[in-house]
Every structure is written in C-alpha cells, then in structure tokens.
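As structure tokens, the structure follows; a few thoughts come after it.
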Amino acid sequence: MGPHFMYDQGRAVVPVGVHYVPRSGPDWPWRTGADEFHRAFRDIAAHGLDSVRIDLIWAAVEPHEGVLDEEHLKTLDHIFDAAAAYGLTLHPTLFVGGEVGDAYWDLPWASGINPHSDPHLLDVQCGHAARLAERWSGRRELIAWDLTDEPPFWIHEDSTSDEDARRWTHRLVEALRMNDPEHLITVGTASQEVDGGPFRCDVVAEELDFCCVHPYPIYSPELYADRLQSRRMTHAAAFETALARGAGKSVMIHEFGASSTQHSPEVIAHYDHLSCWSGFGAGAIGFYAWCWIDAEAGAYRRAPYVRMPHETQFGLVDADNAPRPRLTSLSDLRTCLANMDLEHLASHGPYALASIPVPREYAHPYARENYGLDDAPAGPYVPSEQSWDSTRDVKPLIRGLLNAFVYSERAGMPVQFPRETLDDAWPTTPVTLVPAPLTSTTNSLLHVRTSFWQGATNYVTGGGVLYLSLSAESAIPELHRFAGVRVKDRAPVDEDLRLVVVRPFGGFAVGDELALPGGGADLHRRGVELVLEGAEVLARTASGAPALTLFTLGAGAVVVGAYPIELMAAATPDAHDDDRLWRLYRFVRELSGQRLPVDVDDGELTRGLLVGAGGGMLVVTNHGASTVEAPVRVHAPSEVCGTSLHVCSPDCVGRSDSSQEISEGDTVKVPAYGTRIITWDTRPTA
C-alpha cells in the first residue's frame, strides 16, 4: 500500500475486476472443478478486466477439523494457475459459509458455533489461514487476502460483538502475516458502515492494509426508497466510500451491482458507471463487480436461488455468456484507469472542502472514556442508555449523513467524515457541516458531544463557515453566542411547508419558494421556531417565522436551518432528482470563499477531486437524464498551469481523441449518466 493506492512494482494500480461464482451455484466444489474457472477467466481477461475475487468454501477446504482437503486444494492451485495464465490477479476469500441471498453452508464438525467468538474455533481458523498462506505465499497473481465475505458470519450476526470482530481480525491477520508477510490483507465487509455492525471500518481498520464496502442500496429501502438511476442511489457507493475512509484507511468498492430481474440492463449499466466513477472521485481504490455470470436454469430449483429469484441475474454476462451493457462500463473503467498516471495525478487521494463530523459513539459505543469520568473523582457510572437502546439503530444518523453528502457533492463541495475525538477538536477544513440529527440530544449514537460546541466560536471567528440544521430534537448550549439565534419552541406541524426567500442567496431570488415535505409528529423531521439574536434572515415560513438565518462572527459565518432538510429529504423517495435545496449548500461553500482549483460549477454535476505528486484530477459525473454543458473555471492560477488542462471520457480511451487539451472557459459536455475527467499538472516551483 502507498498513501492511497495499491502499488505493483512501484506503479500505482486500481484493480477493476469481478467476483466469480460458477453458473451452477455458490456451493461449486461439490459440482464442478477448475476447468470452469479456466474458461471464465479467459473470457474475463478478453473483456479487459484485470482481477477476480473467488470464495473458498470453508466446509470444502476443511471438511474435518484441522484437516484440509488436499484434492480440493489442488483444484484451487489450478485456479491460481488459470488466473496467472490470463494475466489476472486473484483475490481469494477465506472461510466462506454465507454467500448469495440467504445461503449458508455450515461446518458439519462445528455446526452452530460462532467462529468469531469461540476460542477453540478461532485457533482452528488461525491454523487454516497459516497453512494457506504458506502454500500460496509465492503466488505472484495473489493480489490480497480477504479474511472472509461479509462478516459477521450470517447465522451469527446477533452474537458477535465489536471486541469479537477486533480479536478475530487481529488473530487471522497475525497468522497470515507470519507465513506470508508480502501480500496485502483486507476483509470484505458488507453494509457495516450503514447498518452499524461489528465489522465496520472503525473497529477493524487498524489491522488491515485497506478497508472495503459492499454498497447495495437496493437492499436498504429505509435509506434508498428510490429508482436505481436516482441521484441518491447513484451516490451510494461514493457515500459509503467517503464514510468508511473516515476510519483512516483507503477503501475499495469490493462488491456492487443490481439484478436484471428487477432493473433493465441499460439502467444497471448507468448505475454501475456512476457508482464507480463517483466512488473513484470519493477515494475508492478498486472495484469488484458482483458478479461475472448469471445462474443457469438448473440452479433455480436449489438454494439459494429457489427462494431468491433476483439473485439469479446479477451477471456482467447472462447464463449463455452474452455480455450485458454493464460489462462495457467496467471494461471502459479498467482501460481508462490503466492508462492514467495515477501517481502523478491522484496518489495523495481525495481532497475535501468540508467536514461532517461522525459521533464518537458511532466508532466506540459505550466506551468508558466517552463519559469524561477519568479526569476527576467520580462515582461508579453505568450508562442507562445501554439498556434503553440495546439494539442500536444507526439509520437515523446515516440518513442525515447520506443526504448531506448528496447536497454537498452537487454543490461542488467534496466532504470528508472525520471521527469526533475526545479532545473535541474541530475539523481543519474551511467548512463544517453539522446536519440533524448531529444537533440532537437524546440518543448518544446520533449527536456530537456536548463539549464539542465549546469550540464553535473559535472555529467561526478564525474564518470557518459552519452550517447547522435543527430539528425538534436539537439542543445546542449557548447557540445564540455563535449562531445569533435561540430556539423558542418546536415548530408547528405543517404538511405543506413552504419557505419564502427574503434575501438572495445561492442562486435563489427574493420571492422564490422552497417546498419541504412536512415532518408530521416525528421530532427528528419536525423543525423549530427561532428567535433572532443578531442573525439575518435568508428565508421565512409562510407565517413569517425565520427558517434560514445567516450570522457573521469574526472572519467566519454560521448558517442555521430551522428545519432538518436532510432528514426530510431522507423520507421522500427520489428526493434529490428535483430538489433545489442543494443550492443552500452551494451558498455555504461560497461563504467560505473556497473553490475547487479546477471546476465545472453546475449543480447537475458531481465533482470529486483527487490530487497527486505532480497534479490533480477532477472526476465529473452527471447523475441526471440530460446532457449538461458547463465552462471550465480555474480558481488556483498560482498552483495550476492552465495551458496543461486536459479532458477525457472513459469510453474513448485508446482513440486518438481520447484526451483533449482545453483552456479555462472552454465548455465541457457531460452526457446523461456519463463522466468526464479533467486533469492538470501542478506548476513547477522555482
């Protein structure tokens, strides 16, 4: 690993590959052999992909405790050989039991025992991992070890703690490194970041070389009640990447996709394209699509497909090997990235203008140090909340973070998600966004620490711009001192809530109306009444109450929303497709005086900025159904050489017109659901 990307013989690389499951089903060791993998790897390489992730079914590798099946290991040896023969890297996933839908292949000799918490079974796994590491340590084609697929093991989700996950990861990493110190190690976590599970990056990142996300928004309707091509859906991979990166390690989009039984192949291709490229702009260091080929008809009568018909058709090719449009998207992605000088343009990773703090409780729930009782004499405190909320639901928090992320990306204000620290340090970015429920008060998982607010005045007077959205659950001590408003009461319930602009901002004119979905009786989606203490009103409700305010303090400013617009959007299907509220976020960015060094400033476009040793790269994605044309603007002439700007399209790499030199003011055309990449060299210093 480098500072951001993987490196192969000194060259930064981004693997673009696919997960391979034979057509007959995930329990392939009992039905087929290496020849089927050989044929598939030939086709995968022919279509331009460069890596394959495969599952090692635990019950097949170790049919008896401590005894690895030598014949099956020879089959796996041949699979490694096939990858090498076609120039592919291989990413093996250990200890697989659960895979595809509800399928779980348990161990007959350890049935029902939790592999994450049972000490003896953990010792057995360490021996298993050590023997495989010793066997394959010299394999040049092995790109990285994957400890397992989507932990915790599916039938043990409710009985695995954070400490179990941390210990299990540490022990297995130790066993692998002792026998294979050269290869990278990760673990293929699924929705832990948005579901709050024990294997989220905050728990295991310290042990790993890089972290993973498996963004499947189609399986989280409580977060994404949207069409697959909607803006929120197509930002899911970028959001999870950025959120996971806040734990301190680079992040790979390790699985992604959708079923052709539920969405048309063309729609899935658009979704994949936007997921990958916006994810790359947010910092993703690799991509493995789920999966290569559809299930064959004969597998429909067997688990897992017999009760999970949608799982039969996630393939880049159908069961007859006919390519689907999403394969072209992946092939173009791989070709484009392979032809870029990533070290020069992007090796330092993503650049952010704004921060959204993530509560410490998200990373370290109920840790003793969270309560501040070790610095002075204190009684024997036990948090009662642990019994009130024994099943901790992170979804209200994730809804706020997700929708704030989409608004920020549209506003040309890339964000990072730093974890809140015990010293209550504020972010170093010029903008800090604290959307509801981060401003709330009851559930500790959802809001920042009370003492965090003591740093607000210094942050703002020092030139920072702070954005807050409030709800009827919000409570901020001394709010009036740094924001110029007080909370008077909960706002009246209004199902048809309209805000009227009274002062121009963010492209809105006086008299413009902004429609918000009513929050009803839910305090998290209901607003507050504000009393002015020096703040200026930007917009009012129909009854005249302040709804958006601006307060200047020292060199900085604070924008307060009386309504939790992020949580309101979360409750509205396809909310971001016609929503103009992203302009409020653009106004917040403008208050900071900060711009991306090179930009195409249009709210229909998402821009991710990566910087490298000698230049930068703006990844521009169009998440809408219409072509967008916008001029290129250079905002850092002392750092960027305007004569060296280039624009390229992922689908034309290799052609003579794949990269065109452009100048400031030139128009860039980004097609519907398409991407353009603008690159530049940093001006040499004297």
Side-chain angles (χ1 to χ4, degrees), residues 217-218 224-239 258 263-282 324-326 328-329 332-333 336 402-403 405-414 506-509 512-515 565 569 572-587 589 596 598-609 618-633 647-653 657-658 660 662 665-678:
I218 57 175
Y224 302 92
D226 309 315
R227 299 172 302 109
L228 191 64
Q229 288 187 133
S230 73
R231 293 184 186 278
R232 189 159 46 201
M233 277 278 204
T234 52
H235 278 91
F239 167 67
H263 311 277
S264 80
E266 292 74 21
V267 167
I268 295 173
H270 291 153
Y271 166 78
D272 279 2
H273 177 93
L274 292 172
S275 294
C276 291
W277 279 108
S278 63
F280 181 72
R324 290 206 172 94
R326 66 185 298 229
T328 301
S329 294
D332 288 346
L333 173 71
C336 186
L402 166 62
N403 288 277
F405 177 84
V406 178
Y407 284 137
S408 298
E409 294 293 290
R410 296 189 69 181
M413 186 167 59
F508 292 118
D512 283 351
E513 290 191 356
L514 306 176
I565 64 169
T572 306
D574 304 318
H576 294 275
D577 292 0
D578 298 315
D579 189 357
R580 296 185 296 162
L581 285 169
W582 64 268
R583 295 183 184 178
L584 172 60
Y585 275 60
R586 184 168 70 181
F587 173 64
R589 187 206 72 198
L596 298 176
V598 176
D599 200 5
V600 282
D601 194 357
D602 191 297
E604 299 304 304
L605 304 174
T606 288
R607 287 90 80 196
L609 175 63
L618 188 73
V619 182
V620 183
T621 48
N622 180 358
H623 296 249
S626 302
T627 296
V628 175
E629 297 185 41
V632 177
R633 300 299 182 196
V647 62
C648 68
S649 169
D651 59 3
C652 66
V653 171
D657 61 346
S658 62
Q660 298 179 345
I662 56 174
D666 287 351
T667 296
V668 172
K669 180 184 294 186
V670 189
Y673 310 117
T675 298
R676 292 293 182 266
I677 302 107
I678 300 172

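Residues Leu228 and His270 fail the side-chain proximity criterion, which asks for heavy atoms closer than 4.5 Å. A 4.5 Å side-chain heavy-atom check between Arg607 and Leu596 finds at least one atom pair inside the cut-off. Between His263 and Tyr271, every side-chain heavy-atom pair lies at or beyond the 4.5 Å cut-off. Within the 4.5 Å cutoff, the side chain of Trp277 has heavy atoms near those of the Cys336 side chain.
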Chi angles and distances behind the side chain to side chain contact (heavy atoms under 4.5 Å, CB included) call for Tyr673, Thr234: CA-CA 9 Å; Tyr673 310 117; Thr234 52; 6.0 Å; no
Determine, step by step, whether Asn403 and His576 satisfy the side chain to side chain contact (heavy atoms under 4.5 Å, CB included) criterion, reporting the C-alpha distance in whole Å, the side-chain angles of both residues, the deciding distance to 0.1 Å, and the verdict. CA-CA 9 Å; Asn403 288 277; His576 294 275; 2.7 Å; yes
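Aromatic ring pairs are classed by plane angle as parallel below 30°, tilted from 30° to 60° and perpendicular above 60°; the pair Tyr407 and Tyr585 is tilted.
With Arg410 as the fixed residue, the side-chain hydrogen bond (donor to acceptor under 3.5 Å, both in side chains) test singles out one of His623, His235, Glu604: Glu604. Each of Val619, Val632, Asp599, Leu609 was checked for a side-chain contact (heavy atoms from CB on, under 4.5 Å) with Ile678, and the lone residue meeting it is Val632.
For the pair Asp574 (side chain) and Arg227 (backbone), a donor-acceptor distance under 3.5 Å is present. The closest donor-acceptor contact from the side chain of Arg676 to the backbone of Val668 lies at 3.5 Å or more, if one exists at all.
Closest approach of Val600 and Ala630 over heavy atoms only: CG1-O, 4.1 Å. Nearest approach of Pro217 to Ala236, heavy atoms of both residues: CG-CB, 3.7 Å. The minimum heavy-atom distance between Ser278 and Ala238, with the atom names listed, is O-CB, 3.5 Å. In terms of heavy atoms, Arg589 sits closest to Gly412 at CD-O, 3.5 Å. Contact between Arg633 and Gly665 at its shortest, heavy atoms only, is NH1-CA, 3.8 Å.
For the atom pair CD of Glu266 and OG of Ser264, the computed distance is 4.5 Å after rounding to the nearest 0.5 Å. To the nearest 0.5 Å, the span separating CD on Glu409 from CZ on Arg231 amounts to 12.5 Å. Atoms CG and CG, on Asp577 and Asp226 in that order, are 7.5 Å from each other to the nearest 0.5 Å. Note that OG1 of Thr675 and CZ of Phe280 are 11.0 Å apart. Values are rounded to the nearest 0.5 Å. Here the straight-line distance linking atom CD1 of Ile565 with atom CG of Asp579 works out to 7.5 Å at 0.5 Å rounding. For the atom pair CD1 of Ile677 and SG of Cys648, the computed distance is 4.0 Å after rounding to the nearest 0.5 Å.
Arg583 forms a cation-pi arrangement with Phe508, by the criterion of a distance under 6.0 Å to the ring centre and an angle within 45° of the ring axis.
Here Ala225 pairs with Pro573 under the side-chain contact (heavy atoms from CB on, under 4.5 Å) rule; sequence neighbours left out. Partners of Asn622 under the side-chain contact (heavy atoms from CB on, under 4.5 Å) rule, at least two apart in sequence or in another chain, are Leu605, Val628, Val670. Contacts of Ser329 classified as side-chain contact (heavy atoms from CB on, under 4.5 Å), with partners at least two apart in sequence or in another chain: Ala269, His273.
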